[in-house]
Structures are given as structure tokens and as C-alpha cells.
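Because the structure is predicted, anything quoted here is derived from the model rather than measured.
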Amino acid sequence: MQKFVVITSDHTASASELIINGLRPYMPVIIIGDTTYGKNVGSTTLYREGDRRNKWGLQPIITKAFNKNNQSDYTTGFAPDLVLKEDIDLKPFGDITDPLLAAALNKINGRVVLPKMAPPRFNATPVSSSLDHKAFSYQLIQPRETLPSVFRK
């Protein structure tokens, strides 16, 4: 493999950024999309198990990701080589008419064709993101009886 092309958004984080940072010393990494989130650390959740009265936990940082060159300086994210914002008109996974996928395929094939981006039909605000959720939040903030059955022990 001569180069690695990755499609990103402003919610791209953690493992995706670890791959980008880890591959950079070995090959060109071309980023298409938006600046990534910037999460170069990992944590674990510590809380008192078996005490339903407990509403607290700790999430200490226990790891920081470095690449071969001892680089870990992406707390503000990775800036894209080609800036393309994801449109609200999402295509099925793998649909080559998706502007981000089309740009990535063009880059892989050596073309310099910029995809046509449709103007947004309306402004949409995300309802929720995994970045907004805390690990084990059900155990920390909800009485066990109110949990969906998949979260009950």
C-alpha cells in the first residue's frame, strides 16, 4: 500500500485517530472530510459496584497514544487535506455517488475531480452523539429498575 485515504467528520475520534497517527510515519495519510475530534487518550470507569445508591464514578486517563516517532500531538484533531462537510442527504454505505466516498475514490485513482456538493436543504442539529455519553452512565445515574433489560445484571 502506497497511501492511506480516510474519510473523516468532526466526530471522528479515538481508534480512527489512532490509525491515522500510527500510519503517518510509514506512508502518506490523506484525510478527506472534516477536522477530527482530537482524542489521543483513553480512560476506564471506576465506580462502586453493587451499591445502587452510588451516583458517582471516576474516569481517570490511563493511556495516551503515541506513534513510532513518539508523536501524540493531535488534541485539536487532524485537519483534512480536502475539506468536505457531510451533507444531510446521506447515501447508503458504499454508494459511489456519496460525495465523500467519490472524493476518496478519485484520490485513490489519481483523479483531481472535486465532487459536486448539493447545498443543504435545511440546517440540522444532531440529536445525540457517542461523544456526549459517558461510559457506564446507566450504572452511574439510573436506578437499576429503570434500566433497559439489556443493561441489568
Side-chain angles (χ1 to χ4, degrees), residues 1-47 49 57-142 147-151 153:
M1 187 180 333
Q2 300 299 314
K3 61 186 170 191
F4 185 76
V5 179
V6 62
I7 298 171
T8 63
S9 76
D10 59 345
H11 284 76
T12 300
S14 298
S16 302
E17 290 177 315
L18 181 65
I19 290 170
I20 293 168
N21 192 51
L23 287 177
R24 280 191 159 177
Y26 299 99
M27 68 182 64
V29 177
I30 294 97
I31 301 172
I32 296 173
D34 205 349
T35 300
T36 65
Y37 186 78
K39 185 172 181 285
N40 65 342
V41 296
S43 64
T44 190
T45 303
L46 305 173
Y47 65 101
E49 295 184 50
L58 299 172
Q59 286 190 306
I61 301 299
I62 60 169
T63 185
K64 185 173 181 180
F66 292 87
N67 67 14
K68 172 189 163 213
N69 297 337
N70 205 30
Q71 297 165 324
S72 182
D73 53 353
Y74 54 94
T75 57
T76 57
F78 289 107
D81 300 293
L82 175 60
V83 177
L84 289 176
K85 303 284 186 179
E86 195 167 41
D87 188 20
I88 191 71
D89 183 25
L90 300 176
K91 305 288 184 194
F93 186 74
D95 186 333
I96 61 172
T97 64
D98 177 274
L100 290 158
L101 180 56
L105 292 172
N106 285 334
K107 187 66 175 173
I108 291 167
N109 293 319
R111 297 188 196 123
V112 188
V113 179
L114 293 178
K116 293 180 181 178
M117 299 291 285
R121 293 181 295 210
F122 58 94
N123 290 332
T125 303
V127 175
S128 181
S129 165
S130 63
L131 297 172
D132 298 330
H133 300 286
K134 307 293 185 267
F136 302 111
S137 62
Y138 283 113
Q139 286 102 334
L140 294 176
I141 62 170
Q142 291 187 341
L147 294 176
S149 61
V150 296
F151 292 107
K153 289 187 178 179

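Of all heavy-atom pairs spanning G57 and Y47, the tightest one is CA-CB, 4.1 Å. Among all heavy-atom pairs drawn from K107 and K3, the shortest one is O-NZ, 3.1 Å.
Between the side chain of K91 and the main chain of L101, no donor-acceptor pair closer than 3.5 Å is present. A donor-acceptor distance shorter than 3.5 angstrom exists from the side chain of S72 to the backbone of A65, with no hydrogens or angles considered.
Atom OG1 of T44 is separated from atom CD1 of I61 by 10.5 Å, given to the nearest 0.5 angstrom. Atom OG1 of T76 sits about 10.0 Å away from atom CG of N40, to the nearest 0.5 Å. The distance from the CG atom of D34 to the CZ atom of F78 is 14.5 Å, given to the nearest 0.5 Å.
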Validation: residues 16-33 side-chain donor-acceptor distances under 3.5 Å, sequence neighbours left out:
unit_1: E17; atom_1: OE1; unit_2: S14; atom_2: N; d: 3.4
unit_1: E17; atom_1: OE1; unit_2: G38; atom_2: N; d: 3.4
unit_1: E17; atom_1: OE1; unit_2: K39; atom_2: N; d: 2.7
unit_1: E17; atom_1: OE2; unit_2: T36; atom_2: OG1; d: 2.6
unit_1: E17; atom_1: OE2; unit_2: Y37; atom_2: N; d: 3.4
unit_1: E17; atom_1: OE2; unit_2: G38; atom_2: N; d: 2.6
unit_1: N21; atom_1: OD1; unit_2: N67; atom_2: ND2; d: 3.3
unit_1: N21; atom_1: ND2; unit_2: Q71; atom_2: O; d: 2.9

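Around the CG atom of L90, the shell of radius 6.0 Å holds more than 12 heavy atoms that belong to other residues, nucleotides or ligands.
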